[in-house]
Enquirer: 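Here's a structure for you.
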Amino acid sequence: MLVLLFILFGGLAIGCALAVVAQRNPLYSAISLVGVFISLACLYVMLAAPFIAAVQVIVYAGAIMVLVVFVIMLLNVEEEERGRRRLKFLVPMAVAMAAILIAEVAFILVTVQEFRVNPPAGVGLTHSIGTSLFTRYLLPFEITSILLLMAIVGAMTLARRGGLLSTSARVIPGVTTLPRSLVDPRATPDDLRPVEADSTDEAARLLGVTGLRDHSDRDE
Amino acid sequence: MDTAIDIVLKFVAISVVFVVVLLVVAYTVLAERRVLGFIQGRLGPNRVGYGGILQPFADLLKFILKEDIVPDKSTRFIYFLAPVIATMAALMTMIVYPFGPDTRIPFTSITIPLVVARLDIGLLYVLGITSIGVYGIMLAGWSSNNKYSLMGGLRSSAQMISYELALGLSLIGAILLAGTLDLFQVVEQQSGWHGLRWLIIFQPLGFIIYMISAIAETNRVPFDLPEAETELVAGFHTEYSAMKFALFFLAEYINMFTVAMLATTLFLGGWNVPFLDSIFARGTFLFGLVSAIGFLVKVVLILFFYIWLRGTLPRFRFDQLMNFGWKILLPLALINIFITATLIFLRVPGFS
């Protein structure tokens, strides 16, 4: 019974993982990745680690992949053909990595004779994980939190660093006053000298900025 | 032999839960239409059967018999998959909610808890499956190849990600008090004081935050922006017709039902009926039956509250919705966790 379930979920995981790589459409790849995560969660449940399974589903399938799908939908990414040539140098790398992985699996299969593992009881349960996270592994846990905090602060600073005029911004006809930093990418963010113009093009010309309107007509 | 009985009992339990849930959901739809009718000074559907009692079945028949239209330029596979994901995710959470206490089946000596599965991670299971449900709506919006659907799907995913945080954090206070994620144990711990030691007494703020973010999670008024008909036609399910639309409809009402059950389980004492233990002995069949009915009554009251809100409140604007979620609910939920943890640390009576 357990073996059958293992074959089912393991096969699902491998199939979905292959689909992630093979699909042309990025959205299909993303959905296949969700399938991989859910199959892995099922495998965790079979390994008597329900807490890790739940976290796997909540964090990866439920949060991160939702954001990925969200971005794919928002940017309306089409099937990418051009990028394939640029990433060609990755092919030998991939072959090398696959060779290493297969070698590892072969090594384990050859050397390890006894596959039976007897984990201590309740190792994957909520209580035991909570206890060890907040006592024995408190420092690594805190360091991981700081890492995440750094990522958040980094994202904030990247998002708030003004400069480029957004493609959706328009100068409304009639004299409009804008802070220089909003339209001129080279201005310092606190440069508040105003620019007066009748249209976005005029503002760009006054500032000597070109290429601002390139994307603005491509409304989705 | 025991495992065989176990498996049969599980199947019976799943079937019973399934039928009860679908019946309650069907009649929630009817109740919503009738109650909204009365709020708006009209009658609502009252022709099919006595007082409209057969209306849900008439609706179902209509949905099945209608023509199923698939948009030409839709992404076929995902278009079909989306309502399936939505309904499946909604139905899968049913199994962890405790409907009643340990109960002896009449004429036998078998005692079973009135719950399909007792999981160590019950609450996390609910949160995980609920977060999968977002995909149904997102993929429906994307695969329909319709700009209104896409906008609805995007709005919905942004909204659900934002409010999921507040929802999860608002539950942590209750979990800190209960000390377990197993929903059955959470309810059992609330059976003190003759069945009145409900966690809402210790977690009023958590309960309010939960109720608000639960409405947002189920995409209902005043947070129904994913299907705001004045702006987006019908939002993510604009292109869905017949039974596929019915599945989305079903998923929405099942989700409503599950958030109401979670609120009852965590904050309103679950199946605990006040002073029932002085009438029937614990573990007897009648105790279990009345408890289960008590549970359903609480759930139905919360559902009524949601319908009442729908008849009362106008819709939010999208930026208001985001500001409210991130700048008010989320900090409040964090404060709630902080206060609860401090009180537990100081061993205030009731918080230990």
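Letters A, B, ... mirror the listed sequences (proteins, then strands); counts begin at 1. For the numbers below, each heavy atom of this structure counts, side chains included, while hydrogens, waters and symmetry mates do not.
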Enquirer: Show your reasoning for whether side chain to side chain contact (heavy atoms under 4.5 Å, CB included) applies to B:Ile78 and A:Tyr28.
Expert: CA-CA 9 Å; B:Ile78 296 189; A:Tyr28 284 173; 2.9 Å; yes

Enquirer: So which part of A:Ala63 gets closer than 4.5 Å to some heavy atom of chain B, the side chain, the backbone, both or neither?
Expert: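 Interface part for A:Ala63: neither.
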
Enquirer: Side-chain donor-acceptor pair under 3.5 Å between B:Gln203 and B:Thr340, yes or no?
Expert: yes

Enquirer: Name the region of A:Val59, side chain, backbone, both or neither, that has any atom closer than 4.5 Å to a heavy atom of chain B.
Expert: neither

Enquirer: Heavy-atom distances under 4.5 Å only: say whether B:Ile161 touches chain A with side chain, backbone, both or neither.
Expert: side chain

Enquirer: Stepwise, does the side chain to side chain contact (heavy atoms under 4.5 Å, CB included) test hold for A:Val45 with A:Ile52?
Expert: CA-CA 8 Å; A:Val45 172; A:Ile52 298 173; over 6 Å; no

Enquirer: Answer yes if the ring centres of A:Phe51 and A:Tyr44 are under 6.0 angstrom apart, and no otherwise.
Expert: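 Distance test on ring centres: not under 6.0 Å, no.
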
Enquirer: Can you check whether B:Tyr163 and B:Phe223 have ring centres sitting under 6.0 Å from each other?
Expert: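 Yes.
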
Enquirer: Within this structure, what is the OG1-CD1 distance for the pair B:Thr180 and B:Ile175, rounded to the nearest 0.5 Å?
Expert: 7.0 Å

Enquirer: Rounded to the nearest 0.5 Å, what separation is found between the CE atom of A:Met65 and the CE atom of B:Met138?
Expert: 9.5 Å

Enquirer: Does anything in residues 81-90 of chain B get under 4.5 Å of chain A by heavy atoms, and if so which residues?
Expert: none

Enquirer: Quick check on the interface: out of A:Leu27, A:Val55, A:Ile38, A:Val69, who has the most heavy-atom pairs with chain B under 4.5 Å?
Expert: A:Leu27

Enquirer: With distance as the sole test, does B:Tyr210 use its side chain to make a donor-acceptor pair with the main-chain N or O of B:Gly168 at under 3.5 Å?
Expert: no

Enquirer: Taking side chain as everything from C-beta outward and backbone as N, CA, C, O, which of these in B:Leu154 sits under 4.5 Å from a heavy atom of chain A? Side chain, backbone, both or neither.
Expert: both

